[in-house]
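Here's the structure, in structure tokens; my notes come after.
Keep in mind it's a predicted model, so treat the numbers as computed, not measured.
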Amino acid sequence: MTRSLSIFLGAIIALALLTARAQAAPPAPTQVVFSQVQTSTLSVDFQGLTGTTIQFQVELSSAFANTAFSSDTVLLTSTFTALDINTHYFARVWAIDTVDSSSTTSVTIDTYTLANAPVNLSSTSVTFSGVGLAWDGNGNPSVTVFSIERSSDGITFASVASTTDVTYNDVGITPGVTYEYRVRALNVLNVPTAYTNTITLTTPGTTSVPRTPPGLTAVRTQTGAATFQLNFQWHPVTLRTDGTALTNLTGYQIFQSTSLLTPRSQWVLVTTVTTEGWTTTTDGSVSYYAWKTIDTNGETSDWSQVLDDSGDLNHFFMASDFVSRLQLPGSAAKILLRGNNHYGSDLDISVTEVTADETGRVAKSLQFQITNYDTENEVTDLLFDPPVMRGIIAYSVQNGNVVAGAIRAGALSMPVISAADAAQQLSLFWFNGNEWVKTTGVVNTGDNTMSFTGSRAGRYQIRAASHVSGLTLTRVYPRIITPNGDGWNDKAIFQFDNPQLLPLSGKVYDISDAFVASLAPGPDADTTLEWDGKDSGGKVVPGGIYMYQISVGGTPQSGTVVVAR
């Protein structure tokens with residue numbers, strides 16, 4: 001009995017021990033994370049109960065693999081190698097004791113291996129319209145994204161595109177610029193690789209914009225009781241502003257506005273034409289038109305002169321403030337066309353503020369400059385006869401004062417005079433090449449402008465200089481004339497300050513006090529008289545000294561002019 005009882009009790013104890021073991025399964029590992037993730041290797045780290053009877057089984061699987069990777073370890077980490085690049089992997093861990101009692105599985109975690117850095121970046125094409133790039137994907141799967149970066153200074157790079165292809169055409173380039181490119185890959189989790197080699201290249205062409213269309217002109221034809229057809233013409237643009245050839249011309253943009261002074265950003269783009277002509281119609285209401293040249297890269301020229309569709313077909317040459325301007329009727333502007341002048345080129349007119357002159361008593365200084373379109377040289381001998389050139393100069397008013405120059409944002413300008421005194425104290429001066437000459441200008445305090453008419457371009461200034469009521473002879477030039485018809489010094493011009501537009505008259509006598517001729521209206525009928533060195537019968541007088549006599553405000557004024565033969 002004693003032996004049987006011992007065996008029985010031993011069996012019960014053994015069963016109890018087995019039951020206890022079964023009931024004491026190890027806990028599931030926790031804090032499972034990936035570490036050391038690379039292109040083809042990664043590690044799984046975790047926390048768990050350790051001991052001499054505990055080991056761990058780590059399983060790594062991929063949606064693209066038929067069987068999972070498995071690892072047995074007594075350490076709290078496991079490393080896997082020979083993995084696929086930029087691939088989705090899942091991991092989980094079990095704890096197992098020595099009698100094969102296992103825990104439940106840990107949470108399942110996932111990650112992607114890294115992408116390989118692309119290699120061998122090169123350019124496949126470099127044109128006006130784009131830069132072609134290609135590189136070796138270096139074994140990356142199709143889900144890998146490649147980021148293309150570009151720099152124009154060799155220091156700061158910016159991403160210009162992302163693609164899963166191994167080629168790219170960068171169309172956001174500017175002609176004539178040196179660029180650097182580099183590429184890197186991103187895995188699905190946007191972890192970047194190292195960069196490829198950097199390549200440097202220069203796009204063909206130039207950064208300068210096309211020139212503005214020259215030779216603008218218009219013909220207005222009545223087609224109905226109140227309808228007109230406008231036929232605009234201009235000459236081709238073949239150059240850029242730096243003198244290089246324009247080889248990728250798209251055409252000419254035509255803009256329209258119902259007001260000359262509307263900000264340019266609000267002018268309406270009517271059309272883009274590929275030829276040097278355009279026809280439209282009008283009901284007699286006045287509209288204004290301006291042109292730009294555009295190339296295939298979208299680069300546009302500066303604004304052209306402005307033409308209106310009125311009966312006079314006026315041409316306007318605008319300053320940067322888009323108020324100051326020079327205006328010519330179409331009949332006078334024809335001399336600007338290369339077929340109508342002796343310069344052999346179209347002529348252009350610019351209106352530029354001369355800020356260096358705007359000191360002291362000078363409120364505004366502008367240069368009205370005529371230039372040869374082909375050579376860009378200034379033309380100084382062009383005379384508009386009759387004197388139909390009309391200039392308008394805008395002066396600035398700030399805090400109730402006429403100030404020097406244009407108003408600059410956030411700055412106070414130097415006061416010149418009170419704006420209330422502008423009509424009485426602002427005068428116009430013209431530089432004749434030797435000195436400043438006071439001339440006639442009309443102040444408009446409603447829009448803060450001064451207007452004038454004349455026959456010559458050049459530099460004009462608005463100054464604080466009181467008007468003289470009545471009439472003043474300000475200058476006679478030249479004092480020596482050579483009336484031989486060569487266009488140089490053929491006439492003596494008598495310049496007046498005539499703010500009240502009083503009638504002008506004068507006479508010329510020889511040294512014996514005999515009457516020779518009456519002075520004729522000059523280039524500006526309101527402010528000038530002239531003598532062409534001929535007598536009243538139209539015959540050129542002999543060389544010698546001649547006297548003029550002019551009634552200035554009821555007071556006779558005289559002087560001499562020399563005729564050289």
Side-chain angles (χ1 to χ4, degrees), residues 1-118 137-145 147 164 184-194:
M1 288 293 293
T2 301
R3 177 177 173 80
S4 297
L5 180 59
S6 297
I7 294 173
F8 176 73
L9 290 174
I12 292 175
I13 292 171
L15 180 60
L17 291 173
L18 289 173
T19 302
R21 284 184 179 276
Q23 292 174 346
T30 60
Q31 302 182 41
V32 184
V33 295
F34 289 107
S35 66
Q36 304 300 319
V37 179
Q38 301 297 323
T39 55
S40 59
T41 65
L42 59 75
S43 296
V44 180
D45 298 340
F46 50 90
Q47 294 296 319
L49 182 64
T50 59
T52 57
T53 62
I54 299 296
Q55 67 179 14
F56 301 95
Q57 186 173 65
V58 184
E59 182 181 88
L60 185 72
S61 62
S62 168
F64 303 102
N66 294 324
T67 59
F69 295 90
S70 183
S71 172
D72 293 331
T73 178
V74 296
L75 303 176
L76 298 178
T77 186
S78 180
T79 299
F80 295 88
T81 60
L83 303 180
D84 293 326
I85 302 166
N86 194 10
T87 300
H88 201 182
Y89 283 98
F90 303 84
R92 57 183 182 176
V93 185
W94 291 270
I96 303 172
D97 69 8
T98 55
V99 292
D100 291 332
S101 175
S102 62
S103 69
T104 57
T105 61
S106 68
V107 295
T108 299
I109 59 172
D110 68 307
T111 193
Y112 281 82
T113 49
L114 301 184
N116 268 335
N138 198 16
N140 284 298
S142 60
V143 295
T144 303
V145 173
S147 176
T164 56
R184 64 179 176 178
L186 304 173
N187 75 348
V188 177
L189 298 179
N190 290 322
V191 179
T193 68

TODO: Dump the intermediate steps for side chain to side chain donor-acceptor pair (under 3.5 Å) on T144 and N86, then the final yes or no.
DONE: CA-CA 7 Å; T144 303; N86 194 10; 2.9 Å; yes

Task: Check against side chain to side chain contact (heavy atoms under 4.5 Å, CB included), F34 and L60 - done: CA-CA 11 Å; F34 289 107; L60 185 72; 4.0 Å; yes

Task: Candidate pair L42 and T81, rule side chain to side chain contact (heavy atoms under 4.5 Å, CB included), full reasoning - done: CA-CA 7 Å; L42 59 75; T81 60; over 6 Å; no

Task: Chi angles and distances behind the side chain to side chain contact (heavy atoms under 4.5 Å, CB included) call for T111, L189 - done: CA-CA 8 Å; T111 193; L189 298 179; 3.8 Å; yes

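No side-chain heavy atom of S147 sits under 4.5 Å from any side-chain heavy atom of P192. Residues V44 and V93 have side chains in contact (heavy-atom distance under 4.5 Å, counting atoms from C-beta outward). Between F69 and L83, some side-chain heavy-atom pair lies under the 4.5 Å cut-off. At least one side-chain heavy atom of P141 sits less than 4.5 Å from a side-chain heavy atom of I85. For the pair D110/H88, a side-chain contact is recorded, criterion being any heavy-atom separation below 4.5 Å from C-beta on. Between T50 and I54 there is no side-chain heavy-atom pair separated by less than 4.5 Å. A 4.5 Å side-chain heavy-atom check between L76 and Q47 finds at least one atom pair inside the cut-off.
Atom CG of residue L49 and atom OG1 of residue T30 lie 10.5 Å apart, to the nearest 0.5 angstrom. A distance of 9.5 Å separates CD of Q38 from OG of S43, quoted to the nearest 0.5 Å. Atoms OG and CZ, on S106 and F56 in that order, are 11.0 Å from each other to the nearest 0.5 Å. For the atom pair T108 OG1 and F90 CZ, the distance stands at 9.0 Å (nearest 0.5 Å). The CG atom of D84 sits 6.5 Å away from atom OG of S62, with the distance rounded to the nearest 0.5 Å. The OG atom of S70 lies 4.0 Å from the CD atom of Q57; values are rounded to the nearest 0.5 Å.
Closest of all the heavy-atom pairs between A117 and A194 is CB-O, 3.6 Å. The minimum heavy-atom distance linking P118 with N138 is given by the pair CA-CB, 4.3 Å. In terms of heavy-atom proximity, A95 sits nearest to P29 at N-CD, 3.9 Å. Between S71 and S78, the shortest heavy-atom contact is OG-OG, 2.8 Å. Heavy atoms only, all atoms of each residue included: T164 and S142 are closest at CB-O, 3.7 Å.
Between Y89 and Y112, the ring center distance fails the sub-6.0 Å criterion.
Under the side-chain contact (heavy atoms from CB on, under 4.5 Å) rule, T113 has a single partner from T41, T87, T39, which is T87. Applying the side-chain contact (heavy atoms from CB on, under 4.5 Å) test between F46 and each of V33, V58, T77 identifies V58 as the sole match.
Using a distance-only test at 3.5 Å, with no hydrogens or angles considered, no donor-acceptor pair links the side chain of N116 to the main chain of G139.
Side-chain atoms of T53 and D97 include no donor-acceptor pair closer than 3.5 Å.
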